[in-house]
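To keep things clear, I will list the structure first and then write my remarks on it.
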Amino acid sequence: MVVTRFAPSPTGYLHIGGLRTALFSWLWARKNGGKFLLRIEDTDLSRNSQEALAAILEAFDWVGLDYDGDVIYQSERFDFYRQYIDRLLAEGKAYKCYMTKEELDALRAEQMARGERPRYDGRYRDFTGTPPAGVEPVIRIKAPTEGEIVFTDGVKGQIRIAASEVDDFIIARSDGTPTYNFVVAIDDALMGLTDVIRGDDHLYNTPKQLVVYEALGFTPPRFYHVPMIHNEQGRKLSKRDGAMDVMEYKRQGFLPEALLNFLVRLGWSHGDQEIFSREEMLEHFDPHEINKSASSYNLDKLLWLNAHYIKNSPNEKLATLLEGFGVHVAGHDRMEILLDAVKERSKTLVELAEHIRMILEAPIEYDPKAVKKAFKGEAFEILEAFKARLLLAGEPHLPSDYHKVMEGFVAEREIGFGKLGQPLRVALLGRLSGPGMDEVMAILGVEETVARIERAIETLRDQE
RNA sequence: GGCCCCUUCAUCUAGCGGUUAGGAUUCCAGGUUUUCAUCCUGGCCACAGGAGUUCGAGUCUCCUAGGGGUCACCA
């Protein structure tokens with residue numbers, strides 16, 4: 001049985017670094033038919049935020065990562081942790097420390113001045129005298145004083161850290177609330193975690209947590225510390241380059257499958273494969289194969305993946321998604337033609353929506369450069385004649401029907417396709433780029449096409 | 001600064017002692033297309049540096065440099 005978890009602290013929204021470790025944990029649990037748990041690390045009551053928690057849950061829902069059982073809140077388990085603190089105190093594995101914050105700060109300043117590493121000096125470790133009055137003590141755990149703490153990381157290999165690097169760290173604040181490294185170890189152990197997959201920044205917490213495991217007699221899980229994601233310049237990720245709320249990706253028109261595909265390939269690969277369906281991720285993912293080095297965020301690749309998933313999405317699905325971007329095409333009788341025409345040229349749903357509007361909404365103005373290029377020679381005359389031809393064509397339906405009309409027209413007049421296509425494009429779309437004219441006409445129908453041609457002729461002739 | 005980790009094209013990566021160092025994104029060129037995009041073909045671009053070990057090193061060892069993480073009554 002594999003049990004993994006994602007354990008965010010509700011102090012901010014979920015960003016892609018967190019989402020990636022969540023994805024890795026989720027994949028590993030699901031792949032093995034195990035459990036994926038969600039635990040909220042909210043022991044610091046002063047820093048919690050309901051909005052942050054809601055945003056995290058919303059993001060999970062959007063990308064489709066499901067968790068087993070109820071969300072667990074550490075803030076609701078303080079009494080529970082208290083038992084373990086008392087136990088360690090009774091067993092002499094933890095002790096009360098009466099140093100005040102001010103004293104601690106002074107000690108640190110002194111050590112720094114001497115060029116030493118700031119560190120608790122253990123002055124209350126074996127204290128038996130009379131405690132100073134008026135000081136609420138913190139509880140510190142007794143960490144080993146010599147030797148080293150060794151553990152095997154599933155990503156980094158064997159890690160050895162000198163015991164002298166680990167302080168007698170605080171497990172309960174002077175107000176009695178327990179601290180992070182203490183409760184994480186207890187919860188991970190008691191929730192039956194077998195594999196802890198988390199960010200690299202937790203590597204140094206591991207020896208501390210192992211001290212807790214040791215003191216409480218718990219068996220530690222396997223650890224995997226996944227490297228950080230940097231920005232495109234190789235520096236720490238900032239909001240500007242991707243460390244934004246995962247939900248912001250939704251707003252910017254990304255598909256969750258594209259985002260997940262992008263993230264799974266950051267620090268992990270399976271041969272030359274770039275595109276992974278959820279099933280393929282589940283089939284191939286293994287945390288032991290995660291790379292040791294940090295990787296950089298690359299927006300171009302994310303956009304490429306997103307374009308890929310848009311191109312390969314069923315039109316029905318795109319139509320539903322487009323509702324969120326103010327475009328209603330679900331009822332449009334040419335929806336299939338319309339979406340087929342635009343989905344190959346859109347990197348995001350935002351672009352997809354723009355392209356659709358560009359077709360459905362008649363041009364307000366005509367791009368002067370396009371006009372200059374397309375309206376040379378007998379363009380007006382050609383458009384007039386084509387309009388007349390269209391009115392005689394009945395009501396063609398498919399792009400191929402319109403194509404035949406165009407074909408017949410240019411053949412008869414012995415002109416190139418461009419002679420008709422270019423001015424027609426400006427007349428219908430106001431610009432020189434876009435889907436094929438046959439598709440556009442099939443979407444608009446004869447009536448609207450003719451109306452746009454007439455308006456263009458009228459407007460542009462006045463400008464001559 | 002101490003400790004720990006990392007280092008293959010600009011970027012994501014393959015490689016697990018013997019390869020013309022492969023793929024993908026970006027970029028460039030060509031083809032397809034009435035245009036744009038898609039798509040197809042081709043091209044540019046990398047083993048951080050230095051010592052060893054070895055018949056042979058991107059792959060093993062050490063050193064240097066660079067980058068990152070961490071040193072809280074935060075998580």
Side-chain angles (χ1 to χ4, degrees), chain A residues 7-12 41-44 46-47 74 97 99-101 104-105 108 112 115-120 136-140 153 155-157 159-162 164-167 169-181 183-184 199-205 207 225 227-228 230 232-236 262 265-275 291-305 307 311 341-347 351 355 370 373-374 403 406 410 416-426 429 431-438:
Chain A
S9 62
T11 51
E41 318 253 289
D42 53 354
T43 52
D44 186 348
S46 64
R47 303 210 319 167
Q74 291 184 324
C97 170
M99 246 179 125
T100 61
K101 254 179 216 174
L104 215 39
D105 287 343
R108 278 200 198 99
M112 300 268 266
E116 290 169 17
R117 187 179 91 84
R119 150 162 236 250
Y120 175 64
E136 277 305 317
V138 298
I139 315 286
R140 290 180 183 272
D153 185 276
V155 174
K156 311 253 182 196
I159 306 284
R160 318 175 72 95
I161 289 169
S164 58
E165 291 294 316
V166 181
D167 286 27
F169 61 93
I170 293 172
I171 58 174
R173 303 179 181 90
S174 46
D175 66 2
T177 58
T179 60
Y180 174 76
N181 283 116
V183 298
V184 165
D200 219 346
D201 48 340
H202 285 291
L203 192 69
Y204 247 60
N205 286 324
H225 288 95
M228 307 276 91
H230 292 158
E232 309 204 39
Q233 286 72 242
R235 316 297 284 193
K236 203 172 168 180
F262 173 69
R265 280 287 287 99
L266 241 40
W268 177 81
S269 64
H270 179 68
D272 288 339
Q273 189 169 347
E274 296 289 348
I275 307 292
N291 287 152
K292 293 178 177 176
S293 53
S295 40
S296 293
Y297 178 83
N298 181 206
L299 182 61
D300 280 327
K301 194 143 189 180
L302 209 208
L303 284 167
W304 173 74
L305 281 163
K311 264 180 293 191
V342 292
K343 71 186 193 185
E344 302 247 315
R345 60 197 77 229
S346 306
K347 285 187 160 71
E351 282 183 26
H355 282 125
K373 208 171 161 192
H403 194 78
M406 290 178 78
V410 298
F417 235 110
K419 283 273 191 225
L420 167 64
Q422 297 291 74
L424 184 60
R425 181 175 299 284
V426 174
L429 302 177
R431 59 214 307 261
L432 232 36
S433 62
M437 285 295 94
D438 41 12

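Below, chains carry the letters A, B, ... as their sequence lines are ordered, and counting in each starts from 1.
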Of the candidates A75(B), C73(B), U13(B), the side chain of S295(A) sits closest to U13(B)
Under 4.0 Å, counting only non-hydrogen atoms across every strand here, what does R431(A) touch: a base, just sugar-phosphate, or nothing?
nothing
I'd like to check V138(A) versus I171(A) (side-chain heavy atoms, cut-off strictly below 4.5 Å). Are they in contact?
no
Spacing of H202(A) atom NE2 relative to C4(B) atom C1', expressed in whole Å:
16 Å
Look at the side chain of K292(A) and the base of C6(B), then say whether one donor and one acceptor between them are separated by less than 3.5 Å.
no
Please classify the nucleic acid contact of G421(A) as base, sugar-phosphate, or nothing, using heavy-atom distances under 4.0 Å.
base
Is any side-chain heavy atom of M437(A) less than 4.5 Å from a side-chain heavy atom of L429(A)?
yes
When rounded to the nearest Å, what value does the distance between P atoms of A48(B) and U7(B) take?
9 Å
Selected nucleotide, minimal atom distance to D438(A) side chain, candidates C4(B), U34(B), A75(B):
U34(B)
For atom P, what is the distance between C4(B) and A10(B), given to the nearest Å?
31 Å
Rounded to whole angstroms, how far apart are CZ on R265(A) and C1' on U25(B)?
10 Å
Separation of atom CG in N205(A) from atom P in C5(B), rounded to whole Å
16 Å
Could you check whether the side chain of Y297(A) and the base of C12(B) have a donor-acceptor pair of N or O atoms closer than 3.5 Å, going by distance alone?
no
Under-3.5 Å donor-acceptor pair between D200(A) side chain and G69(B) base
no
Specify the residue among P137(A) and D201(A) whose closest nucleotide of RNA chain B lies further upstream toward the 5′ end.
D201(A)
With a 3.5 Å cut-off and just heavy-atom distances, do the side chain of Q273(A) and the base of G23(B) make a donor-acceptor pair?
no
Side-chain touch L266(A)/W268(A), heavy atoms, less than 4.5 angstrom
no
Quick check with a 6.0 Å cut-off and a 45 degree axis cone: is R140(A) positioned over the face of Y120(A)'s six-membered ring?
yes
Go through the N and O atoms of the side chain of D42(A) and the base of A75(B), and report whether any donor-acceptor pair is under 3.5 Å.
no
Taking the C1' atom of each, how far is U19(B) from U11(B), in whole Å?
24 Å
For the pair made of CG in L266(A) and C1' in U25(B), what is the distance, rounded to whole Å?
12 Å
Side-chain contact check for Y204(A): nearest option of A75(B), U70(B), U34(B) is U70(B)
Report which part of the nucleic acid E274(A) touches: base, sugar-phosphate, or nothing (heavy-atom distance under 4.0 Å, all strands).
base
H230(A) near the nucleic acid: base, sugar-phosphate alone, or nothing, with a heavy-atom cut-off under 4.0 Å?
sugar-phosphate
Contacts of M99(A) and L203(A) projected onto RNA chain B by closest heavy atom; the upstream (5') one is L203(A)
Is there a donor N/O on one and an acceptor N/O on the other, under 3.5 Å, for the side chain of S296(A) and the base of C12(B)?
no
For the atom pair CD (E351(A)) and NZ (K343(A)), what is the distance rounded to the nearest 0.5 Å?
15.5 Å
So what does P435(A) touch, heavy atoms closer than 4.0 Å: a base, only the sugar-phosphate, or nothing?
base
